[in-house]
Structures are given as C-alpha cells and as structure tokens.
Amino acid sequence: MVKVNVGGCSSFVKDADYQNYVQKALAAYDVLMAESGPGNDFLGWKTLPVDIPDSLIDECEGIRDAWAAKDVDLVVVIGIGGSYLGARCAIEALSHGFIRKEGVPQIVYAGSNLSEDYLAELMDLAATRNTACVVISKSGTTTEPAVAFRIVKEYIEKTYGKAEAATRIVAITDAARGALKTLATQEGYKTFVVPDNVGGRYSVLTPVGILPIVLAGFDMRAMLRGAAAQREALLVKSEDNPAVQYAAMRNLLYAGLGKKVEVLVTFNPKLQYLGEWWKQLYGESEGKDGKGIFPASVVCTTDLHSMGQYIQEGERLLFETTVTVMNAHREVIVGPDEQNLDQLNYLAGRHVEHCNKMAQLGTKLAHIDGGVPQMDISVERLDEESLGALFYFFEFACGVSAYLLGVNPFNQPGVEAYKKNMFALLSKPGYEAQSEALLARL
Ligand code: PA5
C-alpha cells in the first residue's frame, strides 16, 4: 500500500493553511466520487482493478504462450504517451537491469518519436531476431505510432509472409473507430479494446498495459490485486486519505507558496519510467487554462551530480516528491580492504542500499535547508502489487488534485496545436491551405 508523508513541508506551510487545503481536497474528492465534475465520461479507470475479467489476462497469456511456441524473442510495442508509458514503466521497474529472463522476449518500443535513426536502428535489431508486434493507439489515428507501424508491419509481412504476419501482430484500439481498427479488422489481427471511458494516460490497467506486461513475463493478476487494495484504501473519505493529503499539499505549495514545479525523485533507477509516466499523467491532466504545476523528474543519486546544484540553490520555485521503495530485493555488501586506499573501510559490512538510504535522507535535509519542501511517497518493495498500487494512487490523486485546481483532468486540448502545424507542413490532405503561412513564419 502507498504511504504519503507530508512532514517535510511542515517548516514551509502553516498547519491552518494545510488544513484548509485538506478541506478543499475533500470537496474535490467528493466531486470525483460523485462523478459530477468535468470529464466525468472518462472515469472508467476508477473501477478497472475490480472490473478487468480474469479471462482477459488468460487471453493475453494465450498470446504470450503462442508467441513463445514460435520462439519469438523480440516484441515491438508501438504507441505514444499513455499508450506505452505505463507498460514501459512497469516492465522497466520489474525487469532485471542487465539480463533478460530465459524464454521471455525482449520488449522494445517504437512510435513514440519520429526519429529516422531510431527506427532504422530498431529495424536493424528486428532483422537479427524473431519478431512480433503490439500496436496500441486508442484513437487509431496518431501519426507517430501509425508511421512506425507501417514500417514494422511491412518488415514482418516481408519476413514471415502475410498470413503468418497476421498471427504476429496484435492491435489495441477503439472498439469501432479509427484507421487502426479498420486495418486490424481487414488484416484479421487479434484486437483488444481500449474502453471508451478510459483516457490514454489512465489506461495502464486496460489491455494497453496488460498485454505488454504479460508478454514481458510479469504477473498482471498481482498488479490488479495491488491496485484493487489501493482503491479500497482510497475509498475511505478522510483527512488521512493519502490521495487527499498529496493533492492538498501540492496545491497549497503551488497556490500558496508559488512553488510551480514538482520534481518526482527516486533513488532507484528502475523507477526512471515511473517519472516519465507520472509526468505525462500530471502534465496532461493539470497543465491547461493557464494553470498547473510543471512536473519534472530526477533519478538520484545520479542527478544530484547534474540537477542537484539547481535544486539546492537555483530559483526557489520547486518542491520535491520522493518515491521510495523501502526494501531492496538483492543484497550487495561493501567488503573490508586491508589497504583501504579508497578510504571506504568505514562502510565495510554495510549494505549498498543503506548507503543509498543515507544519501536520500541527507539529500532531503539539505534540500529542506535550501528551501525545497519535501513530500514522501513509499511502498514496501518493488513488485507487481506495489506498482499496481502506485498506478492507482497517482491516477486517483491526479483526479482529486486537478478538480481542486479547477481544471478538467481528462482532456488534453493543447496536444492538438502541434499536430495541426505538422499536418500542414507535411501537406496532409485538408491542411494544405495553412502550410504557406506557416512556412513564412519559419
Ligand atoms: O493521455 C492521452 O490521452 C494521450 O497521451 C494519448 O495516450 C496519446 O496521445 C496517444 O494517443 P492514441 O492512443 O490515441 O494514439
């Protein structure tokens, strides 16, 4: 279960102000629970941990086993934004950092950029491997994944033949609309549906996250169990509700103290993509109507040697939220050395993770002294259940926080602006008229 500690903010805020924001967060909580706020037709994520049928996991495991029987050792997951970040977060958090599990395909990602070199190098890898593909796009019309899919599809068809290709490609998209749906139906691909009432960045517990996570060899049932337990905890309306506490404090720091940037900190490199997933969730949900905390992320201690200077002494517009995994899975102990030339014998017999925790505590105190309020979010260990709990916690808290801020957490109108320009510059049919005016500005 996720724990929240706002104690590292106490020297920055008055308790009365915090209590006032807790009341505001409770009012926002009511709006989320009553499903009466803006965007309330996108609240399907709230019950996903208990709604996902076991048969869906069985189906995903069926694909995993069928591809294993063909010795598939590379799965290209194609998607952008909410259509890949949750899966990548879970897979990177749970995987061995250096060694691939035997019998499990390597998962690589495409469609989240338009870099020609990236795609060319990915195809170099595919050429040496036994490849399958999962293409994910709720709208089924997003340019980046569509371009990547055209290239990967062509490669798979050329390499294995069209009929075999249809067994090596799975599409996850809308039930009825979009180019990807049309294409998948025509080609006879196995498809999974992204529910209408679940937006991309809230979709990790739908097939969008479930299939890639199952293909990577992880226990999706445990992840849903963790999310369901976290949901139960968050259903209790109280001033101690962790989502209420987190939403209250971050909005107080933003509106009351002018802290406009929240840095999500982790001291575990496996959680780098939790930061990426969280930035998308909070950035797209809250950054609108001229408002919103700017979400940033760092991995420590690595980034203490790059961003640490700014956080300690740069412009005082930051607060930090540190996600801590309390227990390491593995043991690495610093040994004694007779010569002690590196002068590390004072650490002999200590766990490396103990050093990491002391670095974390030292950083927290230094940053408080430097004027950076601190919140802590912790889970006991890094496993499927904890990740499910973290996903659900952050989604729920995001809904509460955005309603407190006064914005619709479930739309992203600003994402369209770059697309229109890109389409005009690429002379997409229907956009040609704008292209000359845009070119004149460049
Ligand atoms: O959260 C969102 O809705 C977005 O980030 C989408 O996930 C992203 O734009 C990809 O959209 P689609 O799945 O329609 O290709």
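Both counts, for ligands and for their atoms, begin at 1 and track the order of listing.
Each of the atoms 1 (O), 2 (C), 4 (C), 5 (O) of ligand 1 lies under 4.0 Å from some heavy atom of E284. Of all atoms in ligand 1, numbered sequentially from 1 with element shown, those under 4.0 Å from a heavy atom of S83 are 7 (O), 12 (P), 13 (O). Each of the following atoms of ligand 1 lies closer than 4.0 Å to a heavy atom of T142: 11 (O), 12 (P), 14 (O), 15 (O). In summary, the atoms of ligand 1 found under 4.0 Å from a heavy atom of G82, numbered by their order in the structure, are 5 (O), 6 (C), 7 (O). Annotation for ligand 1: atoms under 4.0 Å from non-hydrogen atoms of S137 are 12 (P), 13 (O), 14 (O), 15 (O). Using a 4.0 Å cut-off to heavy atoms of S139, the atoms of ligand 1 that qualify are 12 (P), 14 (O), 15 (O). Each of the atoms 7 (O), 8 (C), 10 (C) of ligand 1 lies under 4.0 Å from some heavy atom of I80.
If you check which protein heavy atom lies closest to atom 1 (O) of ligand 1, you get R201 N, 2.9 Å. Considering only non-hydrogen protein atoms, atom 3 (O) of ligand 1 sits nearest to G200 N, 3.4 Å.
Between E416 and K420 there is no salt bridge, since no side-chain N of the basic residue sits under 4.0 Å from a carboxylate O of the acidic one. Salt bridge E384/R221: absent, no basic N to carboxylate O contact under 4.0 Å.
The shortest side-chain heavy-atom distance between S83 and I80 does not fall under the 4.5 Å cut-off. Residues K3 and P242 have side chains not in contact (no heavy-atom distance under 4.5 Å, counting atoms from C-beta outward). F319 places none of its side-chain heavy atoms less than 4.5 Å from the side chain of M249.
The nearest non-hydrogen atom to atom 5 (O) of ligand 1, considering only K419, K138, Q280, comes from Q280.
Between the CG atom in L405 and the OG atom in S285 there is a gap of 11.0 Å [rounded to 0.5 Å].
Remark: side-chain polar atoms of K138 are paired, donor with acceptor, to backbone N or O of V198 under 3.5 angstrom.
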